[in-house]
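Written out below as structure tokens is the structure these notes cover.
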Amino acid sequence: MTITRLQRTAATAAALAFPASMVFFAPQAQAQAPAEPFGPACASVPAEGAGSLEGMAKDPVATAASNNPELSTLVSAVEKAGLVDTLNNAENITVFAPTNDAFEKIPKADLDALLNDKEELTKVLTYHVVGEKLTTKQLEDGTYKTLQGSDLTVKGSGSDLTVNDSSKIVCGNVPTANATVNLIDTVLMPPS
């Protein structure tokens with residue numbers, strides 16, 4: 001009889017403690033950065049094949065980008081700058097990858113001039129690469145040194161992140177074999 005009463009008392013205490021612990025932990029769970037790819041542009045990534053999220057995870061970053069139709073302008077720029085091998089051979093990097101829409105925001109004459117100036121193009125492209133693999137949580141409200149040598153800043157939290165106050169991460173935390181890729185909606189320009 002005493003054992004049954006003790007079991008009931010323990011069960012009641014556990015039942016009361018469990019919801020309280022859930023209330024305590026719930027806000028922390030909501031504040032966590034997403035571990036999976038996130039953002040509205042992730043929906044336009046192919047569902048299968050080499051350009052899919054699963055397919056991109058198997059290839060080094062420049063190769064992975066070349067399989068994604070949303071990054072065709074970036075891939076052309078990387079090829080013109082001669083950075084394919086540099087990016088594919090780098091280890092544990094974070095790439096802020098401007099989408100085709102991001103490049104379309106640049107006036108055509110300016111974009112053509114940039115694409116035909118290898119030195120300037122290299123500066124712009126390497127400004128989109130941080131020499132360490134950053135999680136989404138690490139990106140929140142941080143400043144990072146780029147391969148170009150200047151800093152870029154990320155503000156926000158969770159899946160609402162903005163780079164240099166001007167470019168939104170539209171599909172973030174995309175894994176490749178050697179990098180984490182964050183697709184952005186505006187091309188970043190390094191400080192002069």
Side-chain angles (χ1 to χ4, degrees), residues 33-34 36-57 59-84 86-88 93-118 120-130 134 136 139-140 142 144 146-148 150-176 179-192:
E36 297 292 319
F38 65 89
C42 292
S44 62
V45 173
E48 53 189 39
S52 68
L53 294 173
E54 187 177 306
M56 289 178 70
D59 291 320
V61 66
T63 302
S66 71
N67 293 322
N68 187 316
E70 292 296 315
L71 300 175
S72 60
T73 306
L74 174 63
V75 169
S76 295
V78 167
E79 289 170 354
K80 281 183 175 256
L83 293 173
V84 172
T86 301
L87 292 173
N88 276 347
I93 57 176
T94 300
V95 176
F96 294 90
T99 62
N100 294 341
D101 289 343
F103 281 100
E104 286 176 12
K105 291 180 181 180
I106 300 173
K108 185 173 180 353
D110 294 344
L111 181 58
D112 289 345
L114 176 63
L115 292 173
N116 289 308
D117 182 342
K118 186 175 179 179
E120 191 61 29
L121 183 59
T122 299
K123 285 181 189 174
V124 169
L125 293 175
T126 55
Y127 184 64
H128 289 77
V129 183
V130 173
L134 300 168
T136 304
L139 286 178
E140 295 178 356
Y144 306 96
T146 68
L147 296 188
Q148 181 267 342
S150 300
D151 290 342
L152 61 74
T153 59
V154 181
K155 293 182 181 171
S157 63
S159 59
D160 184 18
L161 299 168
T162 304
V163 185
N164 287 356
D165 297 320
S166 64
S167 186
K168 297 290 274 179
I169 294 179
V170 294
C171 182
N173 206 35
V174 177
T176 71
T180 298
V181 178
N182 296 289
L183 279 65
I184 55 175
D185 67 0
T186 305
V187 176
L188 306 171
M189 293 298 175
S192 303

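For the single chain, residues carry numbers from 1 onward in sequence order.
Taking every heavy atom of both residues into account, Tyr127 and Asn164 meet most closely at OH-ND2, 2.8 Å. In terms of heavy atoms, Pro98 sits closest to Val187 at CB-CG2, 3.8 Å. Nearest heavy atoms, Val181 versus Ala97: CG1-CB, 3.8 Å. The shortest non-hydrogen separation linking Phe38 to Gly158 is CZ-O, 4.1 Å. The nearest pair of heavy atoms linking Asn88 to Pro60 is OD1-CB, 3.3 Å. Scanning all heavy atoms of the two residues, the minimum distance from Leu161 to Gly156 falls at CD2-C, 3.5 Å.
The CD atom of Glu70 lies 6.5 Å from the OG1 atom of Thr99; values are rounded to the nearest 0.5 Å. Atom CG of Asn100 and atom CG of Asn68 lie 8.5 Å apart (nearest 0.5 Å). For the atom pair CD (Glu120) and CE (Met189), the distance works out to 8.0 Å, reported to the nearest 0.5 Å. In this structure, the separation between CG on Asn67 and CE on Met56 is 8.0 Å, given to the nearest 0.5 Å. Here the CD-OG distance, from Glu36 to Ser159, works out to 13.5 Å after rounding to the nearest 0.5 Å. How far CG of Asn173 is from CG of Leu183: 11.5 Å, rounded to the nearest 0.5 Å.
For the salt bridge (charged side-chain N to carboxylate O under 4.0 Å, His left out) test, no residue two or more places apart in sequence or in another chain qualifies with Asp101. With sequence neighbours excluded, no residue forms a salt bridge (charged side-chain N to carboxylate O under 4.0 Å, His left out) with Asp110. Residues passing the side-chain contact (heavy atoms from CB on, under 4.5 Å) test with Leu115 are Ala77, Lys80, Leu111, Leu121, sequence neighbours excluded. Shown here are the side-chain contact (heavy atoms from CB on, under 4.5 Å) partners of Thr186, two or more places apart in sequence or in another chain: Lys105, Ser167. By the salt bridge (charged side-chain N to carboxylate O under 4.0 Å, His left out) test, Asp160 pairs with Lys168, sequence neighbours left out.
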Determine all donor-acceptor pairs shorter than 3.5 Å in which one atom belongs to a side chain in residues 44-55; sequence neighbours excluded.
from  : atom 1 : to    : atom 2 : distance (Å)
Ser44 : OG     : Ala41 : O      : 2.8
Ser52 : OG     : Gly49 : O      : 2.7
Ser52 : OG     : Gly55 : N      : 3.0

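In this structure the side chain of Ile169 reaches within 4.5 angstrom of the side chain of Leu139, judged on heavy atoms. Contact annotation: the side chain of Thr63 never approaches that of Thr176 to less than 4.5 Å [non-hydrogen atoms, C-beta and beyond].
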### Leu87 and Ile93: CA distance, side-chain angles, deciding distance, side chain to side chain contact (heavy atoms under 4.5 Å, CB included) verdict
CA-CA 9 Å; Leu87 292 173; Ile93 57 176; 4.3 Å; yes
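Between the side chains of Thr94 and Asn182, no donor-acceptor pair of N or O atoms lies under 3.5 Å.
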